[in-house]
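Counting convention: from 1, in listed order, for ligands and their atoms alike. Sequential numbering from 1 along the given sequence is applied to the chain's residues. These numbers come from a predicted model, not from an experiment.
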Amino acid sequence: MSAIRINGVSKYYGNTCAVDSLDVEIESSEFLSILGPSGCGKTTLLRMLAGLEQPGSGQIEMDGKVVNELPPSKRDIAMVFQTYALYPHMTVAGNIEYPLKKRKVAKQERKQRVAEAAALLQLEGLLRRKPRELSGGQQQRVALGRALVRNPAVFLLDEPLSNLDAKLRSHMRAELIQLHQRIGRTMIYVTHDQLEAMTMSDRIAVMRDGKLQQIAAPSEVYARPANRFVAGFIGTPAMNFVEGRLGDNASCLRSGDWSVSLAESLRPAAAEDGQLVEIGFRPEDLHIAESGMRATVSVVETVGHEIIVIFDYAGTEIVGRFSPDVSLHAQDVVHLAPRADRLHLFDAASGRRLNAG
Ligand SMILES: Nc1ncnc2c1ncn2[C@@H]1O[C@H](COP(=O)(O)OP(=O)(O)OP(=O)(O)O)[C@@H](O)[C@H]1O
Ligand SMILES: [Mg+2]
């Protein structure tokens with residue numbers, strides 16, 4: 001059964017549309033990431049799920065019941081805010097314990113649950129401190145601890161790792177994945193970090209300007225982005241785009257001096273001869289070839305296990321990743337050919353995906 005159903009939910013602040021007719025169903029025990037750039041409506045959506053904001057229109061259902069009017073305290077949900085919102089006068093232990101105290105959990109059990117959360121989040125040495133005596137990353141972990149002890153049906157996590165350093169962040173990422181597997185709770189995880197969303201989630205919901213762009217498993221979002229925005233947002237280095245035209249009943253694709261015939265499965269269903277399209281290909285799907293796009297090497301970045309090469313193709317930047325034994329140097333002139341079976345085609349005007357791929 002779906003734990004949460006979001007039905008045509010919109011939210012305006014004055015004239016600003018923060019969330020625009022959103023439809024999403026979230027399965028029970030699912031780890032769903034909400035991914036998108038700053039200002040796309042992620043926090044607004046979480047606050048509506050938590051009951052801190054009311055939808056302007058549409059309905060939010062939890063366990064089959066409409067909860068639009070239900071106050072936060074009546075929802076079996078814990079939220080970790082982007083801004084932590086710790087109680088400044090309470091110690092770390094007091095902050096973590098607070099939700100249990102409010103629910104009148106017995107003292108012995110409170111102590112035990114606080115100790116467990118502190119151990120998991122490596123906060124044992126800090127339990128007597130006040131929030132102002134903590135770094136941003138430590139405060140963030142306290143906020144996580146406060147949600148954990150409650151053991152709610154649904155966790156709403158708003159960029160909970162954004163203030164951690166790279167090492168702790170990757171450690172906490174792994175801890176959160178394990179925690180999710182262990183407790184089997186529904187987790188809705190907001191991030192603008194596509195790597196985080198890719199590595200942690202069962203599904204990713206990509207948002208832009210308050211609108212849902214695509215919701216699918218990470219592998220699907222990567223292999224078949226629904227539009228040019230998702231294609232460019234997921235993956236580092238980002239997908240390359242060049243303009244091209246379809247020909248011969250959409251069986252052939254041409255961009256400047258490069259042309260390729262499209263396998264049946266890659267042809268757009270409804271396309272016109274000569275139609276202008278945007279061709280997308282990922283840096284790992286680029287090859288140096290005998291013929292193709294004539295490009296000049298601008299920069300070679302050695303990363304160790306691979307090299308990232310930036311090319312200039314008639315004024316357009318193209319990025320490729322190659323094995324370190326490919327010998328390329330700045331100013332080399334080469335021909336580039338993307339893998340024909342991994343091409344992404346987008347409508348030049350709307351950005352909508354044209355081929356199945
Ligand atoms: N209380 C508010 N009053 C007016 N406008 C708001 C309010 N809260 C959010 N907005 C606007 O709604 C839009 C969505 O904001 P929201 O905080 O949901 O974005 P976000 O995706 O969480 O961004 P970020 O990644 O920066 O946290 C933005 O344009 C923002 O300026
Ligand atoms: Mg936000």
Side-chain angles (χ1 to χ4, degrees), residues 4-24 26 31-60 67-69 71-72 75 77-86 136-137 139-144 146-147 154-166 169 172-173 176 186-201 203-216 218 221 225-236 238:
I4 299 174
R5 182 178 292 183
I6 300 165
N7 270 339
V9 164
S10 296
K11 177 78 184 175
Y12 278 82
Y13 295 108
N15 287 328
T16 309
C17 182
V19 170
D20 193 355
S21 354
L22 202 66
D23 291 303
V24 178
I26 302 154
F31 194 119
L32 177 78
S33 287
I34 314 276
L35 176 68
S38 184
C40 73
K42 305 180 296 291
T43 296
T44 305
L45 174 62
L46 278 204
R47 289 178 58 83
M48 287 194 284
L49 294 176
L52 298 165
E53 302 276 355
Q54 286 220 356
S57 57
Q59 287 182 330
I60 298 175
V67 296
N68 283 28
E69 311 272 323
R75 303 186 187 195
I77 273 183
M79 178 158 173
V80 176
F81 297 91
Q82 204 167 0
T83 49
Y84 337 128
L86 299 176
Q139 292 184 39
Q140 211 155 31
R141 280 183 280 150
V142 177
L144 262 175
R146 197 172 50 184
V154 179
F155 284 89
L156 303 177
L157 306 170
D158 197 353
E159 313 232 11
L161 308 184
S162 57
N163 272 304
L164 308 186
D165 64 46
R169 198 180 166 113
M172 284 301 301
R173 210 154 67 198
L176 269 178
T186 308
M187 292 195 176
I188 305 179
Y189 186 96
V190 160
T191 180
H192 58 254
D193 179 341
Q194 53 96 23
L195 180 71
E196 221 165 78
M198 289 295 284
T199 50
M200 298 177 78
S201 330
R203 286 191 306 163
I204 303 177
V206 186
M207 285 179 69
R208 180 195 197 184
D209 295 340
K211 291 190 191 69
L212 183 67
Q213 305 292 303
Q214 184 170 14
I215 180 165
V221 174
N227 59 38
R228 193 195 180 288
F229 173 77
V230 176
F233 199 74
I234 303 257
T236 44

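- Protein heavy atoms all stay at least 4.0 Å away from atom 31 (O) of ligand 1.
- Using a 4.0 angstrom heavy-atom cutoff, Gly36 does not count as in contact with ligand 1.
- No part of Met207 comes within 4.0 Å of ligand 1, judged by heavy-atom distances.
- If you take CG on Leu156 and CZ on Arg75, they are separated by 9.5 Å, rounding to the nearest 0.5 Å.
- Taking any N or O of Ser38, backbone or side chain, at least one lies under 3.5 Å from an N or O belonging to ligand 1.
- Taking atom 8 (N) of ligand 1 as the reference point, the nearest protein heavy-atom neighbour is Tyr13 CE1, 3.3 Å.
- At a cut-off of 2.8 Å, Thr43 is counted among the residues with an N, O or S atom near the Mg ion (ligand 2).
- Numbered from 1 in the order shown, with element, the atoms of ligand 1 that lie under 4.0 Å from a heavy atom of Thr43 read 17 (O), 18 (O), 20 (P), 22 (O), 27 (O).
- Close approach of ligand 1 to Thr44 (heavy-atom distance below 4.0 Å) involves ligand atoms 14 (C), 15 (O), 16 (P), 18 (O).
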Might you work through the side chain to side chain contact (heavy atoms under 4.5 Å, CB included) test for Thr83 and Asp158, ending with a clear yes or no?
CA-CA 9 Å; Thr83 49; Asp158 197 353; over 6 Å; no

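- Using a 4.0 Å heavy-atom cutoff, Glu159 is listed among the residues neighbouring ligand 1.
- At the top of the distance list for atom 27 (O) of ligand 1, counting protein heavy atoms only, stands Gln82 NE2, 2.8 Å.
- Atom 28 (C) of ligand 1 has its closest protein heavy atom at Gly39 O, 3.8 Å.
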Could you walk me through whether Gln214 and Asn227 pass side chain to side chain contact (heavy atoms under 4.5 Å, CB included), step by step?
CA-CA 8 Å; Gln214 184 170 14; Asn227 59 38; over 6 Å; no

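- Here the straight-line distance linking atom CG of Asp20 with atom OH of Tyr12 works out to 5.5 Å at 0.5 Å rounding.
- Within ligand 1, counting atoms from 1 as listed, the ones closer than 4.0 Å to a heavy atom of Thr16 are 29 (O).
- In this structure, the side chain of Arg173 does not engage the main chain of Thr199 through any donor-acceptor pair within 3.5 Å.
- Atoms of ligand 1 lying under 4.0 Å from any heavy atom of Ala18, numbered from 1 in the order shown and given with element: 12 (O), 13 (C), 14 (C).
- Residues Leu86 and Arg146 are in side-chain contact: their nearest non-hydrogen atoms beyond the backbone lie under 4.5 Å apart.
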Please determine whether side chain to side chain contact (heavy atoms under 4.5 Å, CB included) holds for the pair Glu196 and Tyr189, giving the CA-CA distance in whole Å, both sets of side-chain angles, and the decisive distance to 0.1 Å.
CA-CA 10 Å; Glu196 221 165 78; Tyr189 186 96; 2.7 Å; yes

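- The only member of Leu49, Leu52, Ile188 that meets side-chain contact (heavy atoms from CB on, under 4.5 Å) when paired with Met79 is Leu52.
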